[in-house]
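Worksheet for the structure shown next.
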Protein chains: 2
Amino acid sequence: MRMASGTQRGERRADALSKRRIVEAAIAILDAEGERALTFRALAARLATGSGAIYWHVANKDELLAAATDDVIARVMTDAGDGTGPREAVRAIALGMFDAIDVHPWVGAQLSRAPWLTAMPRIFEGIGSRLQALGVPEEAWFDSTSALVNYVLGVAGQNAANARLHGPGTDRAAFLGAIAEQWERLDAARYPFVRRLAGRLADHDDREQFLAGIDLILTGIEAALPDRARQGGHV
Amino acid sequence: MRMASGTQRGERRADALSKRRIVEAAIAILDAEGERALTFRALAARLATGSGAIYWHVANKDELLAAATDDVIARVMTDAGDGTGPREAVRAIALGMFDAIDVHPWVGAQLSRAPWLTAMPRIFEGIGSRLQALGVPEEAWFDSTSALVNYVLGVAGQNAANARLHGPGTDRAAFLGAIAEQWERLDAARYPFVRRLAGRLADHDDREQFLAGIDLILTGIEAALPDRARQGGHV
DNA sequence: ACCTGAACACCGTTCAAGT
DNA sequence: ACCTGAACACCGTTCAAGT
């Protein structure tokens, strides 16, 4: 007796294993239970199969994580980035990444593991093409894009790290408050600056601060723009 | 018969276990053989003891990695950062971190795992206090420092990731060349910008590009400076 | 107080055997 | 071609037993 019910030649059962389904299941586990919960055993259980079956579709865990990350980043790049002007587009792309990593913190960690061949070209293209539209001269493309991308990746990594510390579902405010409290208790002679900063830690808005950083870099980029391009991008 | 040779009351044998010695051994393994090589078994073998002995001095692997990272960062902060003016000091601190991560790539990965209570205050203090000296007004301290720190962490994470891809001791140039080649082969319709960038990937100088990003952010920070502070820091 | 090393629980990955 | 699931090698961590 065949397992398939209503399948025809060349078709696949709706629940047949595939890289797409595996990646989707992986994302679901990562989102709901965090990075530590993603094991081949858990994945196999969720997909009602053996752990070895997954290896038929995916080479190893690194490839699985890269594919999951690429999935999320691809969505960001198609969804965001069509603001009015090029400056708005850069901000929109950056914010899109921030928000995506807010929902999928593990993406932030994964991006620090060099998906140079999958997610990274998407990010470079998304941001760099907008800088080009902003009128940044070709000699400055690489450095400018790299500055924005690295900043975004830095924030992404920290958000991922924070999410790892307070497991999925814990509230951020209490977490930040606890750190602020520690910072206030640091040695006054060695950490005068950090102690004065501590008060702002607890009540600052991550998203606003992220955007403030983007704006600082954009201001730096625009300061080096040829006069012609300063009035909001070229035609 | 006692193991000790020439030890007196209250003294420790030169080769007695201690957190310091454990952390030093861990750093040696991480530097020489990479992150994957650091296991409690390898560490115990190197220290000629049982793996359980390490747990008497160190709570777990996370604490060990945090301590190793803190060690490296602490050295950067005491060694670097005394340039002529505050702007030079910021650049010196940033470059110090870049160079440290170049030598110890695993630090870059570890910083993306939130050592909020050890390395992070050092970094914030090192950079933030110089921005203060630069004349940045208090309302802007947090955002400005955070922008620079996140950028540095982003670069750090990428350098760590690259080092992980080409194991310790492989040459960077060939590695970048391989990626540039892949980027040139991307779909022309979807990645026009990245394809044009690919040529620059292979021959660019990481360190110079890093500094260019720092300068962009510093320019953005200085653009918002009150007039009084623009001429090179306050008195 | 500090060290030893076997044991435990768990993981990524492989592979002979199935369909 | 694709799936099953036991087995392998390895890891972080624990802990009873030693000194």
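To find a chain, count down the sequence lines: A is the first, B the second, and so on, and within it residues start at 1. Side chains included, hydrogens not; waters and symmetry mates left out as well; all remaining heavy atoms used.
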Fill in: Under 4.0 angstrom between B:His57 side-chain N/O and C:dA1 OP1 or OP2
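B:His57 to C:dA1 OP1/OP2: no side-chain N or O under 4.0 Å.
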Discussion item. If the cut-off is 4.0 Å, is A:Trp56 near the phosphate of D:dC2, judged by side-chain N/O to OP1 or OP2?
Written reply: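 Result: yes.
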Discussion item. Strictly below 4.0 Å, N to O, side chains only: are A:Arg164 and A:Glu35 in salt-bridge contact?
Written reply: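 Salt bridge between A:Arg164 and A:Glu35, a charged N being under 4.0 Å from a carboxylate O: yes.
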Item to complete: Flag the pair B:Arg207 and B:Asp102 as a salt bridge only when some basic side-chain nitrogen lies within less than 4.0 angstrom of an acidic carboxylate oxygen.
Response: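 No.
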Item to complete: For B:Gly50 and for A:Tyr55, locate the closest nucleotide of DNA chain C by heavy-atom distance; then report the residue assigned to the nucleotide nearer the 5' terminus.
Response: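 Counting from the 5' end, the first nearest nucleotide belongs to B:Gly50.
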Worksheet item: Considering Watson-Crick and G-U wobble pairs with both distances under 3.5 Å, what does D:dG12 pair with?
Response: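 Paired with D:dG12, as far as the under-3.5 Å criterion goes, is C:dC8.
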Item to complete: Go ahead and name the base partner of D:dA1; Watson-Crick or wobble counts if both distances stay under 3.5 Å, otherwise write none.
Response: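 Checking every strand shown, D:dA1 finds its partner in C:dT19, with both distances under 3.5 Å.
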Worksheet item: Is the distance between the ring centroids of B:Tyr191 and B:Trp183 less than 6.0 Å?
Response: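 When the ring centroids of B:Tyr191 and B:Trp183 are compared, they turn out to be at least 6.0 Å apart.
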Discussion item. Checking contacts here: which listed nucleotide (C:dC3, D:dT13, C:dT13) is nearest the side-chain heavy atoms of B:Ala53?
Written reply: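 Taking heavy atoms from C-beta onward, the closest nucleotide is C:dC3.
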Discussion item. Heavy atoms from C-beta onward define the side chain here; which of C:dC11, D:dC11, D:dT13 lies closest to that of B:Asn60?
Written reply: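 Of the candidates, D:dT13 comes closest.
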Discussion item. Just to be sure I understand the rule, does A:Leu38 reach a base, reach only the sugar-phosphate, or reach nothing, if contact means heavy atoms closer than 4.0 Å?
Written reply: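 Contact class for A:Leu38: sugar-phosphate only.
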Fill in: Pair A:Glu184-A:Val194, side-chain contact (heavy atoms from CB on, under 4.5 Å): steps then yes or no
CA-CA 8 Å; A:Glu184 266 156 13; A:Val194 169; over 6 Å; no
